[in-house]
**Student:** 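Structure provided below as structure tokens; questions to follow.
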Amino acid sequence: MKFLHYCNGQLLADEVAIADLAKQYGTPLYVYSAAHMTKQFLAYQQILQDKKHLICYAVKANSNLSVLNLLAKLGAGFDIVSQGELERVLKAGAEPRKIVFSGVAKSIEEIKRALEVGIKCFNVESEAELYRINEIAQQLGKIATISLRINPDVDAKTHPYISTGLRENKFGISYQLALDVYRKAASLNHIKIVGIDCHIGSQLTELSPFLDAADRILILVDKLKAENIHLEHIDLGGGLGVCYDNETPISASTLVSELLAKLTNYADLEIIFEPGRSIVANAGLLITKVEYTKHQDGNYFAIVDAGMNDLIRPALYKAWMRVLPVREPKSSDKKECYNIVGPICESSDVLAYQRELSVEQSDLLVICSAGAYGFSMASNYNSHPRPAEVLLEGGKQHKLIRKRETFDDLWRGELVL
Ligand code: LLP
């Protein structure tokens, strides 16, 4: 994380001391760098500047309104998967015509609302969904613009929980059935076919699965053309990985330029990407405070105030996330191998295993790369209010972009009989 560095024995993010942020806003605390997110987004935009394109940021990665607003101002479109995400992006200033709607379980209400606001396109994930959209569009007297999300049956070579493009996954329409479903879509009066799309998984570090998926999708594009089914866009999803530890993922510009090279014969097709993690992961961090240390039976525990409720990636995917002490370690410090554990009553509530650290009660630690799938997957389990979120605006500037939840927030909507 380039925006994190030590200066005079203290960890800084941009030019702001982490310890000052913790003091001002409390812990646990999510912090994001606007400059880093902007840079990541512009990397996609710059390499695409000569091609008709739309970068639809995947809202699920980090859905704070300020983050969405920042990206909307840079020209981003949005990939949403629920009405909640739709309402969020609209509130953050998104243009409906830049919204694509993915997800396997779109409800009648969600489809109605998306048609009312006039989104760019539904990424249809089943034949049954196609008929539902057609029917609702008919009731509303509208034409729904759709793309079929194809499951290309490609191994994304990533964690099985975040692999989505294999035939056994619930996502998309089977490659074998794709043409047939397109023909059916073409016969429906309230459907306009505008695109084709795929998304094969997340945290992909290699190029080859992206290229294999694109090849398979382009074969379908050719077949559709031969049947007079014309497309306006091709959406190659998100999924580009980031460095958490020592991974060396391909860069956004390599990914995009390699894919563009495949599209030279498809000059009229707009290209869409749906990146999430690669825009925000390394722009974010989670600050946590050591409540206690405990040494027993040969185990060293640093018991911190953030848990799996705040950041579930380590518990859910055994994800490795870098942990940095806020006080710069000295070579003379006596280090031990700590498990960094949270307050939740689950043995899986471990943020990091076996980290060489010198820690004391009340020390601050930073969990790096927590900008994606961090706060957006947080919960109130064990009745912990969710953390505050702060945006670093460059230099020494920072702003609260989400208040820490209060105890009243915990039971909002609940009724005592
Ligand atoms: N488009 C679709 C249809 C998706 O399902 C996803 C992510 C994306 C785009 C964005 O993918 P990205 O560029 O962020 O890899 N919670 C997991 C990741 C789940 C990803 C789900 N879909 C994690 O923390 O690793």
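Remember, it's a predicted structure, so these values are computed and weren't measured experimentally. All values below come from the heavy atoms of this structure, side chains included, with hydrogens, waters and symmetry mates left out. Whatever order the structure lists them in is the order used to number ligands and atoms, beginning at 1. Starting from 1, each residue takes its place in the sequence as its number.
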**Student:** Which of the numbered atoms in ligand 1 are below 4.0 angstrom from a heavy atom of Met377?
**Tutor:**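 Those of ligand 1 that fall under 4.0 Å from Met377 are 16 (N).
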
**Student:** Residue-level breakdown please: for Asp79 versus ligand 1, do any non-hydrogen atoms fall below 4.0 Å on the side chain, on the backbone, on both, or on neither?
**Tutor:** side chain

**Student:** Need the ligand 1 atom indices (1-based, order shown) with element for anything under 4.0 Å from a heavy-atom of Gly276.
**Tutor:** 12 (P), 13 (O), 14 (O)

**Student:** Which residue is it: Leu365, Leu286, Asp310, Asp305? I am looking for the one with a side chain to side chain contact (heavy atoms under 4.5 Å, CB included) to Thr27.
**Tutor:**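 Exactly one pass, corresponding to Asp305.
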
**Student:** Any idea which atoms of ligand 1 are less than 4.0 Å away from a heavy-atom of Arg277?
**Tutor:**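 Atoms satisfying the 4.0 Å criterion: 12 (P), 13 (O), 14 (O), 18 (C), 23 (C), 25 (O).
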
**Student:** Determine, considering heavy atoms only, which of Glu274, Arg313, Glu125 sits nearest to atom 3 (C) of ligand 1.
**Tutor:** Glu274

**Student:** Counting from 1, what ligand 1 atoms have a heavy atom of Pro275 closer than 4.0 Å?
**Tutor:**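 Atoms satisfying the 4.0 Å criterion: 13 (O).
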
**Student:** From the options Tyr317, Phe171, Phe273, select the one whose nearest heavy atom is closest to atom 17 (C) of ligand 1.
**Tutor:**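 Nearest heavy atom to atom 17 (C) of ligand 1 lies in Tyr317.
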
**Student:** Do the two ring centres, one from Tyr44 and one from His53, sit under 6.0 Å apart?
**Tutor:** no

**Student:** Can you list the ligand 1 atoms lying under 4.0 Å from a non-hydrogen atom of Ala58?
**Tutor:**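 In order of numbering, the contacting atoms are 8 (C), 9 (C), 10 (C).
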
**Student:** Which atom names give the shortest non-hydrogen contact between Glu258 and Leu207, and what distance separates them?
**Tutor:** CG-CD2, 3.5 Å

**Student:** Quick check against the 3.5 Å criterion: does Arg327 have a side-chain atom that pairs as donor or acceptor with the backbone of Gln10?
**Tutor:**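 Flag not set: sc Arg327 to bb Gln10 has no pair under 3.5 Å.
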
**Student:** So how far is it from Ile193 CD1 to Ile146 CD1, rounded to the nearest 0.5 Å?
**Tutor:** 5.0 Å

**Student:** Is Arg216 positioned over the aromatic face of Tyr175, cation under 6.0 angstrom from the ring centre and no more than 45 degrees off axis?
**Tutor:** yes

**Student:** May I ask you to establish whether Lys106 and Phe101 are in a cation-pi arrangement, using a distance under 6.0 Å from NZ or CZ to the six-membered ring centre and at most 45° from the ring axis?
**Tutor:** yes

**Student:** Measure from atom 13 (O) of ligand 1 to every heavy atom in Ser102, Ser202, Gly241, Gly239 and give the option owning the shortest one.
**Tutor:** Gly239

**Student:** Only heavy atoms of Gly238, strictly under 4.0 Å: list the atoms of ligand 1 that pass.
**Tutor:** 9 (C), 13 (O)

**Student:** If we only consider heavy atoms of Gly237, is any one of them less than 4.0 Å away from an atom in ligand 1?
**Tutor:** no

**Student:** Against heavy atoms of Arg149, which atoms of ligand 1 measure under 4.0 Å?
**Tutor:** 3 (C)

